[in-house]
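Convention: sequence-line order gives letters A, B, ...; per-chain numbering from 1.
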Amino acid sequence: MLMHPNTTEAYDLFHNGTLALAEVERNGIRIDMDFLNEQRRRLTKKIKMTEKDFKISAFYKEWQRSTRTPVNINSDVQLARYLYKHKQIEPSKTTKSGKGSTDDETLKALKIPELDKLLRIRKLKKIRDTYLESFAREEVNGLLHPNFLLNFVRTFRGSSANPNFQNVPKREQEAMLITRKCLFPRVGHRLMELDFGSLEVRIAAAYHKDPTMLKYLREGHDMHGDIAKQIFFLDKFDKSIPSHDKLRKAAKNGFVFAEFYGDWYKKCAANLACTWGQLPKGKWKSGQGILFEDGHSLADHLKQNGIGSLSAFEDHLEKIEEHFWNKRFPVYRDWKETHWKKYQQTGYIDFYTGFRCSGLMSKNDVINYPVQGAAFHCLLWALIRINFLLKQYKMESRIIGQIHDAIVFDVHPDEVEDVIRISKKEMVELLPKHYSWINTPLTVEADLGPVDGSWASLKSYKIS
DNA sequence: GGAACTCGCCAC
DNA sequence: AAACGTGGCGAGTTCC
């Protein structure tokens, strides 16, 4: 596949972006090596103990008896051979190459208690070896200087390496609290993140201009709530009820975004019911799945609406998908088709930001690339401007990182409001003037840490 | 003994 | 007709 900036504007964006990101890289982020080393030791101890525990189990002994060579408990190849060849267990999932999978989900489904120890070891090693070790390797004078690169990604997004600043654990609490507690602002400063609200959805809307989607984005209605209502038969939807919020998140991540990216109802159904709804494959029994506040279970609730199994839920979601594209967002659907046809005729796709990809691409690629890429270019444009202004105003605050649709700052406590004001102006006011094809209002969300607080201590901060 | 591969898993 | 996009990176394994 060939890719290139196709306008001077696109070329300039990457030229200035490279210079700005080089400064971001030079700024760096403070790292607490004492805490890191303490966690390294603690994890090593835990891993050793769990390994010991695992090795006295009947499961391990049987595994070792099954083969002549010494077992390496870290080898998924050996584990798959033992489980699926020797013990003849049927895996619930296979890998791309058709072998039985040994990922977290598949091993948990086997309900072999000893395997939980193996998964625990895998998780602890991930934290220690992928994150802490790479942080330690890259530390210079108490700072990390992650690389931010613009020349690797097919969609013209950025990437990060040495260490990768863009995939530090956030959702899973244990991993988050170990890794992010290593990273700090400079002494007396605060960490702050500013990110665009639902940027990719807004950029997609600029391409397809679906009136229903534009209405959602312009009037701030809750699209994910509406879809959750429809998928899960909720007649009174209320985001502030925890169970409803759970189902809303499920609809958002397990269906809406998946459909936007090109997934289809069958995979979404399994994911929604099993991963998000905690229901089993096959038939459902009373009391199974996540619980509502009144004690009812998701299985009971769906049964009341005529759905008592995964296959019935699949049929239900097929209808939802049909409605989603043909009734709710038909103009979005039509854009996907005409955009795909255009690529098939010309052999390339143009981004609104002036970049061009040509060569062999799948349909999903053709639909996703210009959205993902242009969304990042919005962030990069704002980052270049904000970086320039912080220097021009001789401020103490610095940009120290970039995560696709977010900018990470190391801010002087007296400059918090100024940095927000300056950034907000660039992100929501001037950016849509520069890229006049943006057709919905942009929003900024802030997360702020206390003075000398680590990256684990950021809290949502209301922008005035 | 290193390159290239698979697999798993972290982020958006 | 087919079936979710982009990365980085570690460990194990296989190839040469």
Side-chain angles (χ1 to χ4, degrees), chain A residues 1 3 69 71-81 93-107 118-119 121-135 137-138 146-172 174-176 178-180 193 195-196 198-201 203-204 253-271 318 321 336 340 357 361-376 379 401-408 455:
Chain A
M1 207 182 72
M3 320 137 58
T69 50
V71 163
N72 177 351
I73 62 170
N74 301 315
S75 165
D76 293 330
V77 176
Q78 293 180 29
L79 180 61
R81 196 156 49 219
K93 204 168 65 179
T94 59
T95 65
K96 229 190 196 164
S97 66
K99 284 176 270 204
S101 170
T102 56
D103 69 6
D104 189 86
E105 189 196 325
T106 314
L107 292 187
L118 218 52
L119 292 173
I121 293 167
R122 196 188 267 178
K123 193 186 146 195
L124 297 173
K125 281 189 160 215
K126 172 83 178 170
I127 299 171
R128 186 191 62 180
D129 299 343
T130 302
Y131 298 103
L132 300 191
E133 290 304 326
S134 72
F135 289 177
R137 197 168 53 237
E138 298 293 341
N147 305 142
F148 293 98
L149 305 153
L150 291 178
N151 55 332
F152 279 108
V153 182
R154 304 163 71 90
T155 61
F156 291 102
R157 252 196 191 180
S159 67
S160 171
N162 308 306
N164 183 348
F165 185 69
Q166 297 176 325
N167 73 345
V168 182
K170 187 172 190 180
R171 295 171 198 142
E172 205 283 308
E174 185 185 22
M176 189 279 277
I178 296 170
T179 53
R180 295 200 174 213
E193 281 187 52
D195 61 310
F196 283 108
S198 53
L199 183 62
E200 282 196 18
V201 178
I203 299 308
N253 296 306
F255 182 76
V256 178
F257 283 161
E259 288 284 341
F260 287 166
Y261 281 135
D263 208 352
W264 67 312
Y265 74 89
K266 243 184 201 174
K267 263 203 206 150
C268 292
N271 197 17
E318 185 177 10
E321 183 186 67
K336 292 203 296 185
W340 169 236
C357 289
M361 283 171 274
S362 73
K363 184 174 179 183
N364 284 340
D365 293 342
V366 167
I367 291 159
N368 287 323
Y369 286 9
V371 175
Q372 196 183 92
F376 170 67
L379 187 280
Q402 165 267 120
I403 312 176
H404 307 306
D405 66 353
I407 299 173
V408 185
W455 205 15

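Using a 4.0 Å heavy-atom criterion, one finds that A:S160 contacts the sugar-phosphate atoms exclusively. If you check every strand for non-hydrogen atoms under 4.0 Å, A:V168 touches sugar and phosphate atoms only. Contact annotation for A:T179: no contact, since no heavy-atom pair falls under 4.0 Å across all strands. The residue A:D263 sits close to a base: some heavy atom pair falls under 4.0 Å.
Distance, A:K123 NZ to C:dG10 C1': 17 Å, rounded to whole Å. Rounded to a whole Å, the NZ atom of A:K363 is 10 Å from the C1' atom of C:dA1. As a whole-Å value, the separation of A:D103 CG from B:dT6 P is 17 Å. Straight-line distance from the CG atom of A:D365 to the C1' atom of C:dG7: 14 Å, rounded to whole Å. Atom CG in A:N167 sits roughly 10 Å away from atom P in C:dG8 (whole-Å rounding). What separates CZ of A:F156 from C1' of B:dC12 is a distance of 19 Å, to the nearest Å. Atom CD in A:E193 sits roughly 12 Å away from atom C1' in B:dC12 (whole-Å rounding). The separation between A:M361 atom CE and C:dT6 atom P is 11 Å, rounded to whole Å.
Proximity note for A:W264 (side chain, C-beta onward) versus C:dA3, B:dC12, C:dG10: the nearest is C:dA3. Listed nucleotides: C:dG8, C:dG10, B:dC12. Nearest to the side chain of A:K170: B:dC12. In this structure, of B:dG8, C:dG7, B:dC12, it is B:dC12 that holds the atom nearest to the side chain of A:I403. Among the nucleotides C:dG8, C:dG10, B:dG8, the one closest to any side-chain atom of A:F152 is C:dG8. The side chain of A:D104 lies closest to B:dC9 when the candidates are C:dG7, C:dG10, B:dC9. Here the side chain of A:Q372 is nearest to one of C:dG8, B:dC12, C:dG5, namely C:dG5.
Listed pair A:T130 / C:dC9 fails the phosphate criterion, with no side-chain N or O lying under 4.0 Å from OP1 or OP2. The phosphate of B:dA11 (OP1 or OP2) has a side-chain N or O of A:R171 nearer than 4.0 angstrom. For A:T155 and C:dG7, the shortest distance from a side-chain N or O to OP1 or OP2 is not below 4.0 Å. Side-chain nitrogen and oxygen atoms of A:R157 include none within less than 4.0 Å of the OP1 or OP2 phosphate oxygen of C:dG7. Taking 4.0 angstrom as the limit, A:T102 places none of its side-chain polar atoms (N or O) nearer than this to OP1 or OP2 of B:dC7. Contact check, A:R137 against C:dG10: a side-chain N or O comes under 4.0 Å of OP1 or OP2. Within the structure, a side-chain polar atom (N or O) of A:R122 is placed less than 4.0 Å from OP1 or OP2 of B:dC9. Between A:Y131 and B:dC10 there is no side-chain N or O to OP1 or OP2 distance below 4.0 Å.
Under the ring pair (Phe, Tyr, Trp, His ring centres under 6.0 Å) criterion, A:F255 pairs with A:F324, sequence neighbours left out. Residues meeting the side-chain contact (heavy atoms from CB on, under 4.5 Å) test with A:S198, sequence neighbours left out: A:V201, A:R202. With sequence neighbours excluded, no residue forms a side chain to side chain donor-acceptor pair (under 3.5 Å) with A:R81. Remark: A:D76 pairs with A:R122 by the side chain to side chain donor-acceptor pair (under 3.5 Å) rule, at least two apart or across chains. Partners of A:S134 by side chain to side chain donor-acceptor pair (under 3.5 Å), not counting sequence neighbours: none found. For A:D405, there are no side chain to side chain donor-acceptor pair (under 3.5 Å) partners at least two apart in sequence or on another chain. In terms of the side-chain contact (heavy atoms from CB on, under 4.5 Å) criterion, residue partners of A:K126 (sequence neighbours excluded) are, by chain and number, A:T130, A:Y131. Looking at residues two or more places apart in sequence or on another chain, you find a side-chain contact (heavy atoms from CB on, under 4.5 Å) between A:S75 and A:N72, A:V77, A:Q78.
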Can you list the steps and then say if A:E193 with A:W455 is a side-chain contact (heavy atoms from CB on, under 4.5 Å)? CA-CA 10 Å; A:E193 281 187 52; A:W455 205 15; 2.9 Å; yes

Applying side-chain contact (heavy atoms from CB on, under 4.5 Å), run through A:H404 and A:D195 and close with a yes or a no. CA-CA 9 Å; A:H404 307 306; A:D195 61 310; over 6 Å; no

Tabulate below the donor-acceptor pairs under 3.5 Å that side-chain atoms of residues 258-266 of chain A make, not counting sequence neighbours, or state none.
{"unit_1": "A:E259", "atom_1": "OE1", "unit_2": "A:W325", "atom_2": "NE1", "d": "2.9"}
{"unit_1": "A:Y261", "atom_1": "OH", "unit_2": "A:E200", "atom_2": "OE1", "d": "3.3"}

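For the helix from B:dG1-C:dC16 to B:dC12-C:dG5, the angle separating the two terminal helix axes comes to 10°, with each axis derived from five pairs and the value rounded to 10°.
Using the six-membered ring where Trp is involved, A:F148 and A:F165 have ring planes that are perpendicular, over 60° apart on the 30 and 60° scheme.
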Distances under 3.5 Å between protein N/O atoms and the N/O atoms of nucleotides 2-5 of chain B, please, pair by pair.
none

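Within the 4.5 Å cutoff, no side-chain heavy atoms of A:T155 are placed close to those of A:F376.
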Could you write nucleotides 11-16 of chain C as a row of B, S and -, 5' to 3', where a protein heavy atom under 4.0 Å of any base atom gives B, of only sugar-phosphate atoms gives S, and otherwise -? SSS---

